[in-house]
Amino acid sequence: MENIIIIGTGCAGFTAAIYAARANLNPLILEGKQPGGQLTTTSEVENFPGFPEGIDGFMLMDNLRKQAVKFGARIQNSFINEVDFSQQIKVLKSGADSYDAKAVIIATGAAPRLLGVPGEQEMYGGKGVTTCATCDGAFYRNMDVVVIGGGDSACEEALFLTRFCSSVKLIHRRDELRASRIMAQRVLEHDKIEVVWNSKLNEILPGEDGKVNAITVTDTVSNQSSEISCKGVFIAIGHTPNTSCFKDVIPLDENGYLVPKTGSSVLTSIPGVYLAGDCADHVYRQAITAAGMGCQAAIEAERWLAEQIF
Ligand code: NAP
């Protein structure tokens, strides 16, 4: 039986692992479908304290992984799809595999949301629709692309794409960006980016090769529809927390975020089960806050374990 299992290898999971490992708890971290979490698909991280020049997202996660392993954390690739927290020993299931643990930290993060418009699924992946400019931007060299959304992610994607693409249109459903002021300013001042305000994406249209060739949008003020030619559609409209396997075990809010015990951000009402990062945080959703929650969760788990007899 494991002392502590941490589900998820994003900022929250690895930080929890560093603290748990340094507390001699010999933690096991289960790595799901996106090793390293969302930051591995980010280009430059400029706001993680301690890196005045910024740090590449992939490198930051690789450093956290090395730091956790250095102190004795073990990492296994395993996607948990069922949990049973009804007994003192918690059971986690991944298909035919099963893990027993005294304590569990849930740090499963969140996944990019899609729009559900015609053409999106059909052309997702290699045919022009994507949620990751860092991963796919270089494939769109000298092409016209669009980015959907108005938050920091959309602005970051748009700015990153200016390195490769001929033009970037940011399609936003309102007349004001949600993004932080500094990101919004960079976008608005960039001569390769045009913001298409008050516009809703209706459909993604393929060319003869079956790949993205255009989109249609409707102006929400005039109700007029128009076509915009583009070869890439980068969707950056936020995230959905990865919490489906906890839905009958831990309360979820209306958007699927895990709800902590009243008065805490990391405790649940189940003794020995803790929350950390974007699976539970719909307010801050930052790498540093996820890391902070991972730290808190591991300290809570360590204190709780010290008082238990198994
Ligand atoms: P977000 O802040 O929730 O923004 C989502 C954007 O997508 C909003 O502009 C929203 O429009 C739009 N949107 C949502 N659903 C839509 C739909 N169905 N159709 C069209 N547009 C839709 O998400 P995010 O940009 O991924 O950012 C998440 C968090 O991570 C934030 O706290 C952000 O600050 C942080 N973040 C920080 C950085 C950085 O600092 N470098 C980079 C990325 C993300 P409305 O504005 O109309 O709601």
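As the structure lists them, so they are numbered: ligands from 1, and atoms in each ligand from 1.
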Q: With heavy atoms only and a cut-off of under 4.0 Å, state how V45 meets ligand 1: side chain, backbone, both or neither.
A: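 Within the 4.0 Å criterion, V45 makes no contact with ligand 1.
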Q: Among all protein heavy atoms, pick out the one at the shortest distance from atom 9 (O) of ligand 1; state its residue, atom name and that distance to 0.1 Å.
A: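 Result for atom 9 (O) of ligand 1: G150 N, 3.0 Å.
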Q: Report yes or no: does H172 have a heavy atom closer than 4.0 Å to ligand 1?
A: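 Distance cut 4.0 Å: H172 passes for ligand 1.
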Q: Do S225 and T216 meet the criterion of a side-chain donor-acceptor pair at a distance under 3.5 Å?
A: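 Per modelled atom types, S225 and T216 side chains form no pair under 3.5 Å.
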Q: Using a 4.0 Å cutoff against the non-hydrogen atoms of Y284, which atoms of ligand 1 qualify?
A: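 Those of ligand 1 that fall under 4.0 Å from Y284 are 32 (O).
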Q: List the closest protein heavy-atom neighbour of atom 39 (C) of ligand 1: residue, atom name, distance to the nearest 0.1 Å.
A: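 Going by distance alone, atom 39 (C) of ligand 1 is nearest to N47 ND2, 3.8 Å.
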Q: Counting heavy atoms not belonging to I270, are there more than 12 under 6.0 Å from its CD1?
A: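 Buried by this count: over 12 neighbours within 6.0 Å.
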Q: Going by heavy-atom distance to atom 2 (O) of ligand 1, choose the closest among R174, R178, E157.
A: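 Nearest option to atom 2 (O) of ligand 1, by heavy atoms: R178.
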Q: I need the atoms of ligand 1 closer than 4.0 Å to a non-hydrogen atom of H239, numbered in the order shown.
A: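 Within the 4.0 Å cut-off of H239, ligand 1 contributes 26 (O).
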Q: May I ask you to identify the nearest protein heavy atom to atom 24 (P) of ligand 1, giving residue, atom name and distance to one decimal place in Å?
A: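 Going atom by atom, the protein heavy atom closest to atom 24 (P) of ligand 1 ends up being S153 OG, 3.2 Å.
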Q: Report the C-alpha separation of K93 and D97 in whole Å, then their side-chain angles, then the decisive distance to 0.1 Å, and conclude whether the salt bridge (charged side-chain N to carboxylate O under 4.0 Å, His left out) test is met.
A: CA-CA 6 Å; K93 290 184 184 157; D97 295 332; over 6 Å; no
Q: When you compare the side chains of E189 and Q185, does any donor N or O come within less than 3.5 Å of an acceptor on the partner?
A: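 A pair is found: one side chain offers a donor N or O, the other an acceptor, under 3.5 Å apart.
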Q: Please write down residue, atom name and distance for the protein heavy atom closest to atom 41 (N) of ligand 1.
A: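 Protein heavy atom with the smallest distance to atom 41 (N) of ligand 1: E156 OE2, 3.3 Å.
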Q: Among protein heavy atoms, which sits nearest to atom 23 (O) of ligand 1, and what does the distance come to when rounded to 0.1 Å?
A: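 Nearest protein contact, heavy atoms only, for atom 23 (O) of ligand 1 is G238 CA, 3.6 Å.
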Q: Would you kindly confirm whether V91 and I250 end up in one hydrophobic cluster when ILVMFWY residues are joined by side chain heavy atoms under 4.5 Å apart?
A: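 In one cluster: no.
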Q: Is the distance between the ring centroids of F164 and F139 under 6.0 Å?
A: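 No, too far apart.
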Q: F85 ring centre to K90 NZ or CZ under 6.0 Å, with the angle to the axis within 45°?
A: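 Here K90 fails the 6.0 Å and 45° test against F85.
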Q: For atom 14 (C) of ligand 1, what's the nearest protein heavy atom and its distance?
A: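 Answer for atom 14 (C) of ligand 1: I237 O, 3.4 Å.
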Q: Once you measure the plane-to-plane angle for Y140 and F234, does it fall in the parallel (<30°), tilted (30-60°) or perpendicular (>60°) bin?
A: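 Aromatic pair Y140/F234 classed perpendicular.
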Q: Do you know which of N213, N142, D144 makes side-chain hydrogen bond (donor to acceptor under 3.5 Å, both in side chains) with K231?
A: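 Considering N213, N142, D144, a side-chain hydrogen bond (donor to acceptor under 3.5 Å, both in side chains) with K231 is found only for N213.
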Q: Return the closest protein heavy atom for atom 11 (O) of ligand 1 as residue, atom name and distance.
A: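 It is R173 NE, 3.2 Å.
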Q: With a cutoff of 4.0 Å, is Q286 in contact with ligand 1, counting heavy atoms of the residue only?
A: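 Under 4.0 Å: yes for Q286.
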Q: Could you tell me whether ligand 1 has any atom less than 4.0 Å away from a heavy atom of R113?
A: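 Yes, that is the case, since the closest heavy atom of the residue is under 4.0 Å from the ligand.
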Q: Would E120 and K127 pass as an ion pair if we require N to O under 4.0 Å?
A: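 No, E120 and K127 are not salt-bridged.
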Q: For atom 38 (C) of ligand 1, what is the nearest protein heavy atom, given as residue, atom name and distance?
A: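 Of the protein heavy atoms, D152 CB, 3.7 Å lies nearest.
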Q: Please say whether G151 places an N or O atom under 3.5 Å from an N or O atom belonging to ligand 1.
A: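 For ligand 1, there is an N or O atom that lies under 3.5 Å from one belonging to G151.
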